[in-house]
There are 2 protein chains.
Amino acid sequence: MLCSMASHGQSTKLPGFQGADGSVVWMGKPRALEPLASQAVIVRADREEEIVGQGEAAEYCYVVVSGCVRTVRLMEDGRRQVGEFLLPGDMFGWEALEEHDFSAEAVTAATLRRYPRRGLELLADRDHELARRLRELSARKLRAGRERMLLLGRKSASERIASFLLEMAERTGAGDGSPIELPMSRTDIADYLGLTIETVCRGLTHLQRQGTISIERARIGIRDRRALGVAGCEALH
Amino acid sequence: MLCSMASHGQSTKLPGFQGADGSVVWMGKPRALEPLASQAVIVRADREEEIVGQGEAAEYCYVVVSGCVRTVRLMEDGRRQVGEFLLPGDMFGWEALEEHDFSAEAVTAATLRRYPRRGLELLADRDHELARRLRELSARKLRAGRERMLLLGRKSASERIASFLLEMAERTGAGDGSPIELPMSRTDIADYLGLTIETVCRGLTHLQRQGTISIERARIGIRDRRALGVAGCEALH
DNA sequence: CGTACTCTTGACTCTAATCAAAGTTGGTGG
DNA sequence: CCACCAACTTTGATTAGAGTCAAGAGTACG
């Protein structure tokens with residue numbers, strides 16, 4: 001099971017990333033829960049361990065501190081759809097109703113900060129700033145969701161794969177220089193993109209043969225950012 | 001363009017449906033905006049008219065009063081993904097960030113109540129109850145989004161079509177007796193399900209030949225609710 | 001009554017899934 | 001340290017499901 005240990009509020013170091021300029025980027029998200037720090041509990045999960053189960057009463061919400069977490073919806077016959085990959089700084093579970101309608105599983109060994117949802121609700125009633133942040137967060141998730149519907153509904157296999165690499169490059173802050181270190185397996189990628197593992201492999205290989213990326217197991221280097229953008233139908237901006 | 005007329009707050013009749021027992025069902029949604037009634041403007045849109053454009057500054061949010069509205073995301077090459085169909089009582093646009101990341105178009109001639117988003121934000125700061133309702137609304141949309149990702153990523157064409165019919169039956173309150181009156185074209189359904197119009201037609205025809213549904217243009221009768229549930233991979237509950 | 005739609009059906013194609021097998025990699029224990 | 005095993009990844013051959021192209025059938029409307 002999940003190994004959790006009370007944090008007495010003193011480990012207030014928030015998760016962050018090295019930005020392109022070397023500064024720490026907080027991503028704006030976990031900040032929102034700072035006022036709840038005293039109610040936080042640190043939770044650790046081993047690789048492949050379930051953190052919350054589909055259909056479970058939604059008592060808690062989480063912030064990923066380290067590692068990678070996936071949200072998963074399962075069908076009776078075993079078909080699986082990965083909803084999102086959560087990286088340090090990402091929150092989940094606060095947007096549940098009575099119960100979680102997905103399960104969350106550790107992709108790699110992960111550390112999370114767990115907050116009581118009830119406390120969050122109560123605090124949001126008093127703290128407009130927090131309430132606003134939650135609304136903004138919802139808006140971002142909804143936007144991401146619409147983007148993903150376009151991907152799942154209308155993009156070809158190779159477009160999905162290119163889009164995925166661009167998304168991960170963006171989120172992990174990998175530039176043309178440093179490669180992306182993918183924490184998840186090909187199976188996870190396939191279930192995220194609505195494809196099979198073989199199609200994901202072939203797509204990656206194809207991009208490699210084109211010279212667009214380099215592959216070294218879980219380490220993907222972007223050699224031609226522009227070509228990848230075109231392959232992923234990136235909107236020009 | 002959009003034809004709008006100021007409502008002076010006296011037309012406070014809210015949109016509703018006839019429930020199965022004949023009572024009016026408010027769906028809980030437009031209620032949330034009651035305190036903003038004085039800032040509301042009634043907007044009418046003809047069939048196929050754009051209500052908000054993709055990329056447009058998000059000044060307003062809307063409640064559908066009558067008719068049907070679709071949200072659409074478009075790719076440069078014309079591929080289209082319908083995000084959702086909005087029926088009377090449904091809200092949209094409040095969950096935008098700076099700008100709307102989708103366009104909203106009238107499927108049929110429609111009437112909407114338009115509210116300034118700014119006013120909504122300000123009111124939500126003061127009114128916890130409203131803020132809570134907005135959070136709940138977000139949670140519902142996110143949940144629906146995850147369900148749709150499963151549909152788009154993992155369900156077969158016929159499963160998608162069956163799921164769609166069940167969804168519309170549920171939302172319009174059509175039982176085994178009364179048929180569903182679909183307001184949208186086959187093209188819209190295809191773009192909602194990530195399929196082509198031909199595949200949607202064939203899928204419907206197939207269900208008809210099985211005796212599961214009856215088709216009469218836009219009027220679909222459900223003859224075997226159970227079979228439709230199985231075809232749509234309905235989770236047992 | 002004819003025109004312009006939308007919807008339906010048919011024939012064929014092609015993308016991605018399936019089935020199968022051969023690399024890789026990493027871990028364990030001799 | 002090396003051999004073996006299990007899991008994951010990659011590649012290949014074949015199949016099936018949905019897309020594309022094309023044409024016909026209904027309907028609505030002027």
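Rounded to an integer number of Å, the gap from CD of A:E159 to P of C:dA16 is 9 Å. Between the CD1 atom of A:I197 and the C1' atom of C:dA22 there is a distance of 15 Å, rounded to whole Å. Atom CZ in A:R79 sits about 13 Å away from atom P in C:dA17, given to the nearest Å. What separates CD1 of B:I220 from C1' of C:dC7 is a distance of 11 Å, to the nearest Å. In this structure, the NZ atom of A:K155 is 14 Å from the P atom of C:dA16, given to the nearest Å. Per the geometry, CZ belonging to B:R209 stands 11 Å off P belonging to C:dT8, to the nearest Å. Going from atom CG of A:D191 over to atom C1' of C:dA17 covers 14 Å, rounded to whole Å. C:dT9 atom P lies 13 Å from atom NE2 of B:H206, rounded to whole Å.
An OP1 or OP2 oxygen of C:dT8 is reached within less than 4.0 angstrom by a side-chain nitrogen or oxygen of B:R186. Phosphate contact (OP1/OP2 of C:dT18, side-chain N/O of A:T196, threshold under 4.0 Å): absent.
The residues B:D188 and B:R80 are annotated as salt-bridged, a charged nitrogen and a carboxylate oxygen being separated by less than 4.0 angstrom. Salt bridge annotation for B:R146-A:E95: present, with a cationic side-chain nitrogen under 4.0 angstrom from a carboxylate oxygen. A salt bridge does not link A:R73 to A:D191: none of the charged side-chain nitrogens sits closer than 4.0 Å to a carboxylate oxygen. Between A:E181 and A:R217, no side-chain nitrogen of the basic residue sits less than 4.0 Å from a carboxylate oxygen of the acidic one, so the salt-bridge criterion is not met. Taking 4.0 Å as the cut-off between side-chain N and carboxylate O, A:R154 and A:E159 do not count as a salt-bridged pair. Between A:D77 and A:R79, at least one side-chain N (NZ, or NE/NH1/NH2) sits under 4.0 Å from a carboxylate O, which counts as a salt bridge. Here B:E167 pairs with B:R171 in a salt bridge; the nearest charged N to carboxylate O distance falls below 4.0 Å.
Backbone-only engagement by B:L195 is indicated by non-hydrogen atom pairs under 4.0 Å involving sugar-phosphate atoms exclusively. Nucleic acid contact for A:G203: none, since no nucleic acid atom lies under 4.0 Å from a heavy atom of the residue.
Taking five base pairs at each end of the helix from C:dC1-D:dG30 to C:dG30-D:dC1, the local helix axes there meet at an angle of 30°, rounded to 10°.
For residues 195-209 of chain B, there are no salt bridge (charged side-chain N to carboxylate O under 4.0 Å, His left out) pairs, not counting sequence neighbours.
Each of A:A157 and B:T205 was matched to the nucleotide of DNA chain C holding its nearest heavy atom; the match closer to the 5' end belongs to B:T205.
For DNA chain D, the outermost nucleotides in 5' to 3' order that have an atom under 4.0 Å from a heavy atom of chain B are D:dA18 to D:dT27.
Ring centers of A:Y115 and A:Y62: at least 6.0 Å apart, outside the cut-off.
Of the candidate nucleotides C:dG10, C:dT18, C:dT6, C:dG10 has the atom lying nearest to any side-chain atom of B:E198. Of the candidates C:dT8, C:dA11, C:dT18, C:dA11 carries the atom nearest the B:R202 side chain, counting heavy atoms from C-beta on.
A donor-acceptor distance shorter than 3.5 angstrom exists from the side chain of B:D224 to the backbone of B:A227, with no hydrogens or angles considered.
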